[in-house]
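One structure is given here, and the rest of the page talks about it.
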Amino acid sequence: MGFFAYLILGLLAGAIAKLILPGKQAGGLIGTLIIGVIGALLGGWLGSALFGVGVDSFFEISTWLCAIGGSIIVLIVWGLITGRSRRAAR
């Protein structure tokens, strides 16, 4: 995939992951883009390591599932990290 296709995939995957997870996640457009791109990288790596699929083509369902799944994992980890730091600050 090209660079811009990966950015679009990351933005959409991050937005879908934010819609799937309950609660309010911080971050605007740039935060969603960063979470989505990191999630797509993580999802592509996990998908290829565990199932033999990755983020190869923009229009394949496996690409989208890997990217969204990776974005959900990134959001959960980010919530755990920021949740602990907020509790420690109080």
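Heavy atoms only: backbone and side chains are in, while hydrogens, waters and symmetry mates are out. FYI, the numbering just counts along the sequence from 1.
Both Phe4 and Leu41 are part of a single hydrophobic cluster, where members link through side-chain heavy atoms under 4.5 Å apart. A continuous path of hydrophobic side-chain contacts links Leu80 to Leu42 [ILVMFWY only; heavy atoms under 4.5 Å]. When the side chains of ILVMFWY residues are joined at heavy-atom separations under 4.5 Å, either directly or via intervening members, Leu29 and Tyr6 end up in a single hydrophobic cluster. Put simply, Val74 and Ile30 are part of the same group of oily side chains (I, L, V, M, F, W, Y) that touch within less than 4.5 Å, one to the next.
Across all their heavy atoms, Gly47 and Cys66 have their closest contact at CA-SG, 4.0 Å. Shown here for Lys18 and Ile35, the closest heavy-atom pair between the two residues is CE-CD1, 4.5 Å. Closest of all the heavy-atom pairs between Phe58 and Trp64 is O-NE1, 2.6 Å. In plain terms, the two heavy atoms of Ile68 and Ala17 that are nearest each other are O-CB, 4.2 Å.
Remark: the backbone N or O of Gly14 is not paired with any side-chain donor or acceptor of Thr32 at under 3.5 angstrom.
Taking CZ from Phe3 and CG from Leu7, the interatomic distance works out to 4.0 Å, rounded to the nearest 0.5 Å. Here CG of Leu75 is found 10.0 Å from CD1 of Ile20. Values are rounded to the nearest 0.5 Å. Atom CD1 of Ile16 and atom CG of Leu65 lie 10.0 Å apart (nearest 0.5 Å). Atom CG in Leu12 sits 10.0 Å away from atom CG in Leu33 (nearest 0.5 Å). Taken from CH2 in Trp45 to CG in Leu50, the straight-line distance is 7.5 Å, to the nearest 0.5 Å.
The shortest distance between side-chain heavy atoms of Leu9 and Val37 does not fall below 4.5 Å.
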